[in-house]
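In what follows, a single structure is set out as structure tokens and then discussed.
Quantities reported herein were computed from a predicted structural model and do not represent experimental measurements.
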Amino acid sequence: MRLCLWPALAALALVLVDASTLTPPVLPLIVRNPYLSFWFAHARDAPWENWPMFWTGSTVGFAIMAAVPETKTVYPLLGRSQDFLRQSSSYSVSFPQYDGATFDASTTNLTYTIPTSDVRITLSFLSPITPTSTFRQSLPAGYLTCIVEGSTDVSLYVDINGEWVSGNRDNKIEWGLVRTEKSSSAKTPIKTWSITRRHEQLFTEFYDHAEWGTIHISAPADVEHQSGESTYIRRLFAEHGTLKNRVDNSYRGIFEDEPIFAFSKRFKLSEKSQDLHGVARDSVIFTFALTQNPVVQFASARGLTLMRPLWASYFSNAHEMLQYHYDDYDTAVYLATNYSEQLAKDAYASGSQDYQDIAALSARQVLGATQFSGTPDNPIIFLKEISSNGNFQTVDVIFPAFPFFLYTNPQWLAYLLEPLLEHQLSGQYPNDYSMHDLGFHFPNATGHSDGLDEYMPVEECGDMLIMGLALVNALRDNTQPAFVRTAPQEAVLLNLESTKKEHLVNPYGMDLTWEDMGTTGEKAAAKWVKRSYKLWQQWTGYLVRESLIPANQLCTDDFAGWLANQTNLALKGIIGIKAMSEMANVIGDEAKSKWYSNVADEYIEKWQEFGLSRDKTHAKLAYTWYGSWTTLYNIFADALLCFHLPPNTSTSLGPSRFWGPGQQPIGGGAKTKPKSTFIPDKIYQIQSDWYHAVLQRYGLPLDSRHLYTKSDWEFFAAAVTSKKVRTEILQHVATWVNETVTDRPLTDLYETEGKGGFPGPNFMARPVVGGHFAFLALERACGGRASEGLKFLDEVTPAEIDVHQALLADMVEDQAEMGEL
């Protein structure tokens with residue numbers, strides 16, 4: 001059975017995005033992967049005051065205008081098209097009333113009112129997040145729906161330029177217009193501008209822009225189109241409110257008589273409003289896509305392989321995919337709206353309206369670093385370490401992002417880990433610890449056969465083991481996406497026979513459940529662990545040798561430099577050993593399970609001796625750095641992996657710390673057995689109290705060395721504090737979102753004082769903001785019971801600590817020294 005959508009225009013539903021309380025500096029427009037990633041720059045200003053930008057901050061030609069024939073007035077809506085419109089007797093240039101932006105997880109809406117009229121315009125940018133349809137998530141395309149309301153005729157205009165296909169403005173480009181006719185496989189005839197570099201450079205970037213692939217902008221076949229020199233085309237629309245359906249076939253450079261590619265649409269609202277005896281509504285849908293084939297090169301088990309995009313397994317060519325994507329609009333809206341609404345409810349219940357907005361703002365940014373590849377029976381997600389250095393499949397970038405995947409679709413986490421596991425199982429990496437990344441720079445996953453990747457051995461081993469058990473727990477608890485699993489009646493059928501492979505989707509592109517595939521999550525978990533058991537044991541062996549007293553090395557916060565005896569890093573390694581004891585248990589290796597568990601128990605006792613301050617008020621940054629402190633964000637893994645459940649915890653699900661009896665935890669009942677407490681309550685308590693004491697204007701500093709912070713780790717840390725401290729941290733981060741002077745897609749590294757700016761390095765648009773989902777992942781873990789083991793934190797108010805005195809006391813030299821290291 002499939003659902004029936006409300007028959008009215010699905011586009012109008014996009015207007016219903018709840019008002020957003022936060023005002024971030026930048027908002028997503030079309031964000032699907034590292035190369036199709038375009039943003040509303042300076043989002044606190046009017047949209048026509050600046051050009052939209054690529055995630056790096058480089059501008060792109062993207063202009064939207066409205067024209068009102070009755071008054072011969074043209075209104076720039078997005079981008080600085082006014083710079084091209086001279087004074088003319090044929091038209092005047094004015095600006096609309098900008099009514100602001102709203103956003104949810106998949107949508108950004110910009111709304112305008114035309115002065116002295118009843119015309120209202122909404123530009124709705126949709127990059128749909130579809131957790132129960134991996135196939136749809138793999139489509140490298142987004143939507144723009146232009147919605148007009150009123151009783152006055154109005155025309156809309158959209159154009160893009162060659163900056164969408166190359167970061168090098170000196171490059172030559174070529175283009176064409178492709179039309180489709182209505183048929184059994186084309187519900188809505190469309191026309192598509194396709195633009196590409198004259199000479200593509202496979203797997204090459206120029207300032208992070210891809211130098212291969214084709215950009216497409218599609219529209220319904222009944223709109224007008226025209227390509228040509230930018231000033232001429234924009235003035236032509238301003239004068240006539242229409243275009244001439246002409247194609248300029250003189251291929252040239254991106255800024256050589258700058259060619260642009262435009263569509264326009266006339267809306268006769270006056271006639272419709274008379275028929276309706278009121279305000280008329282109408283809309284037009286445009287789509288934006290970037291097709292690349294292949295998408296990356298990957299040193300797989302069979303050698304260096306050119307990897308096709310996942311969508312290419314379902315369609316014979318790019319235009320077939322573009323047509324499906326256009327026709328699939330109603331289903332995409334339906335699935336994306338369901339995800340956004342559920343996320344909004346869960347985030348609000350977990351934190352506040354501010355947390356709802358922060359989670360929504362983060363979601364598209366996470367997926368904007370991904371590239372879906374593989375085959376229908378074995379999907380793979382590749383990931384770029386956006387902005388920091390461009391590494392490919394960086395383990396300690398996936399780790400901070402993984403709460404997003406646990407909440408949204410745990411199977412996506414498996415797809416992310418798969419290329420790392422396959423490559424190392426094939427013997428191409430020589431070290432006995434986990435590799436840092438699959439390649440120095442995306443899109444080239446050529447590996448590190450010399451073993452000279454960035455040196456973070458304890459970090460990466462701990463990350464892999466923690467993520468591995470988190471995924472296993474999700475599989476065993478049957479924690480599948482808690483979102484709609486049924487496609488609406490309007491869903492377009494896929495031709496699955498053309499794939500010639502087994503597939504993990506039904507004929508409507510919806511993911512199959514374990515039951516659909518004739519198995520269970522328990523069996524899938526055991527199979528997954530067993531396949532890579534050699535690696536899990538190898539990495540755990542390294543942690544047994546090296547994690548209790550970490551040598552001089554980097555942790556994930558590599559910008560802070562090398563450091564020996566890191567308290568927080570050691571804790572991650574020890575939790576990793578504990579995680580391995582559970583993974584061994586999953587496949588019935590009871591002897592190894594018991595041994596790893598005993599080692600972890602012994603280590604956690606010693607860690608408390610080494611890592612806490614002399615007065616036991618906080619964790620030190622390093623064992624031998626007296627008078628220091630650190631945000632102990634790795635303790636989050638202890639609670640997430642169900643190591644902090646009281647032994648007498650009931651398997652029945654009562655009200656959570658963060659949701660009332662009216663809201664059930666995601667994922668339903670748990671099959672996870674209660675486990676005794678691994679890290680004592682007192683460690684959680686002292687850290688929660690300490691965070692309350694050291695909180696700054698814009699959040700919780702990373703440690704005592706600097707006033708900068710990492711927002712992902714703030715949310716990891718806040719998730720395992722008392723409700724009061726969690727709320728305080730959240731409020732301070734929300735204040736930063738509203739006030740920061742950073743001018744790029746959400747940074748995760750910023751100053752907690754001053755203007756909340758970049759501390760250097762300047763991180764931006766990174767997928768690690770998936771860590772903002774830490775609250776939600778924790779509340780979903782262990783069948784909804786993970787947070788129950790933390791209730792004790794709410795029984796007392798945070799202790800008042802004199803931070804200065806506590807740090808001085810720790811540095812007193814005549815106190816008893818720590819145990820031997």
When rounded to the nearest 0.5 angstrom, what distance separates NE2 in His225 from CZ in Phe263? 8.0 Å
Pro379 vs Leu504 side-chain heavy atoms within contact, under 4.5 Å: yes
For Phe773 and Ala363, work out which heavy atoms get closest and say how close. CZ-CB, 4.2 Å
Quick one, His448 with Asp437, criterion side chain to side chain donor-acceptor pair (under 3.5 Å). Give me CA distance, side-chain angles, the key distance, then yes/no. CA-CA 8 Å; His448 298 281; Asp437 60 78; 2.5 Å; yes
Any sub-3.5 Å donor-acceptor pair from Gln365's side-chain atoms to Leu746's backbone N or O? yes
Any luck finding a side-chain donor-acceptor pair between Trp412 and Thr134 under 3.5 Å? yes
Does any part of the side chain of Pro28, heavy atoms only, come nearer than 4.5 Å to the side chain of Phe125, both counted from C-beta? no
Do Phe716 and Trp713 have their ring centres less than 6.0 Å from each other? yes
Do the side-chain N and O atoms of Asp748 and Ser711 include a donor-acceptor pair separated by under 3.5 angstrom? no
Roughly how far, to the nearest 0.5 Å, is CG of Asp346 from CD of Gln356? 10.0 Å
Ring centroid separation Tyr708 to Phe763 under 6.0 Å: no
What I want to check is whether the side chains of Ser387 and Arg744 have a donor and an acceptor closer together than 3.5 Å. no
Measuring only between side-chain heavy atoms, which start at C-beta, is Glu256 closer than 4.5 Å to Lys172? yes
Looking only at side chains, do Asn409 and Gln137 share a donor and an acceptor under 3.5 Å apart? no
List the atom of Leu29, the atom of Arg364, and the distance in Å for their closest heavy-atom pair. O-NH1, 4.5 Å
Taking C-beta and beyond as the side chain, do Ile173 and Ser166 meet within less than 4.5 Å on heavy atoms? no
Do the ring planes of Tyr35 and Phe442 sit parallel (below 30°), tilted (30 to 60°) or perpendicular (above 60°)? tilted
Value rounded to 0.5 Å, distance of CE in Met764 from OG1 in Thr56: 7.5 Å
With side-chain contact (heavy atoms from CB on, under 4.5 Å) as the criterion, how do Leu123 and Leu144 come out once you've worked through the C-alpha distance, each side chain's angles and the decisive distance to 0.1 Å? CA-CA 7 Å; Leu123 304 180; Leu144 164 60; 4.1 Å; yes
Are Val484 and Leu335 close enough that some pair of their side-chain heavy atoms sits under 4.5 Å apart? yes
Hey, can you tell me if His325 and Tyr143 have their rings parallel, tilted or perpendicular (30° and 60° cut-offs)? parallel
Is the side chain of Asn338 donor-acceptor paired with the backbone N or O of Phe483 at a distance under 3.5 Å, no angle test? no
Ignoring hydrogens and geometry, is there a side-chain-to-backbone donor-acceptor pair from Thr370 to Leu367 under 3.5 Å? yes
Can a donor-acceptor pair be found, under 3.5 Å and without considering hydrogens, that links the side chain of Thr740 to the backbone of Gly756? yes
Can you tell me if Asn161 uses its side chain to pair, donor with acceptor, with the backbone of Ile260 under 3.5 Å? no
So, Asp357 versus Ser20: side-chain donor-acceptor pair below 3.5 Å or not? no
Non-hydrogen side-chain atoms of Pro25 and Arg44 separated by less than 4.5 Å: yes
Give me the ring orientation class for Phe203 and Trp212: parallel if the planes are under 30° apart, tilted from 30 to 60°, perpendicular past 60°. perpendicular
Side-chain heavy-atom pair Thr145, Val333 within 4.5 angstrom cut-off: no
Should we say atom OH of Tyr251 is surrounded by more than 12 heavy atoms from elsewhere, each under 6.0 Å from it? yes
Verify whether one side chain among His42 and Asp743 offers a donor that lies under 3.5 Å from an acceptor in the other. no
Tyr355: which residues meet the ring pair (Phe, Tyr, Trp, His ring centres under 6.0 Å) condition with it, sequence neighbours left out? Phe715, Phe775
Checking the side chain of Tyr326 only, and the main-chain atoms of Thr188 only, is there a donor and an acceptor separated by less than 3.5 Å? no
Tyr339 and side-chain hydrogen bond (donor to acceptor under 3.5 Å, both in side chains): which single residue from Asp104, Thr408, Thr132 fits? Thr408
Looking at every non-hydrogen atom in both residues, tell me the closest pair between Val395 and Met467 and how far apart they are. O-CE, 4.1 Å
For the ring pair Tyr698 and Tyr750, is the centre-to-centre distance below 6.0 Å? no
Asp159 CG to Arg234 CZ distance, which is reported to the nearest 0.5 Å: 4.0 Å
Is it the case that Asn109 and Thr122 place a side-chain donor and acceptor less than 3.5 Å from each other? no
Is it the case that the ring center of Trp311 lies less than 6.0 angstrom away from the ring center of Phe372? no
With a 3.5 Å cut-off and no angle check, do the side chains of His441 and Glu205 form a donor-acceptor pair? yes
Aromatic ring centroids of Phe62 and Phe38 under 6.0 Å? no
Using the side chain to side chain donor-acceptor pair (under 3.5 Å) rule, take Ser300 and Thr305 through it: C-alpha gap first, then chi angles, then the decisive distance, then the call. CA-CA 6 Å; Ser300 68; Thr305 305; 2.8 Å; yes
Indicate the atoms forming the closest heavy-atom contact of Ser138 with Phe135, along with that distance. OG-O, 2.6 Å
Ignoring hydrogens and angles, tell me if any N or O in the side chain of Glu460 forms a donor-acceptor pair with the backbone of Met435 under 3.5 Å. no
With no hydrogens and no angle check, is any side-chain donor or acceptor of Glu211 less than 3.5 Å from a backbone partner on Gly167? yes
So do the side chains of Phe54 and Asp208 get within less than 4.5 Å of each other, counting heavy atoms only? yes
Output the distance between atom CZ (Arg198) and atom CH2 (Trp175), rounded to the nearest 0.5 Å. 8.5 Å
Atom pair CG (Leu139) and CG (Asn33), whose distance is rounded to the nearest 0.5 Å: 11.5 Å
Before giving the answer on salt bridge (Lys or Arg N to Asp or Glu O under 4.0 Å), spell out for Asp712 and Arg766 the whole-Å C-alpha distance, their side-chain angles and the decisive distance to 0.1 Å. CA-CA 10 Å; Asp712 45 358; Arg766 298 195 333 143; 5.1 Å; no
Any donor-acceptor N/O pair, Thr180 side chain to Ile190 backbone, under 3.5 Å: yes
Does Phe402 have its ring centroid less than 6.0 Å away from the ring centroid of Phe399? yes
Aromatic plane relationship, Trp51 with Phe84 - under 30° parallel, 30 to 60° tilted, over 60° perpendicular: perpendicular
Just by distance, do the side chain of Ser37 and the backbone of Pro34 share a donor-acceptor pair under 3.5 Å? no
Trp164/Phe288 aromatic ring centres below 6.0 Å: yes
List the steps, then state whether side-chain contact (heavy atoms from CB on, under 4.5 Å) holds for Tyr407 with Leu343. CA-CA 9 Å; Tyr407 171 80; Leu343 172 60; 3.7 Å; yes
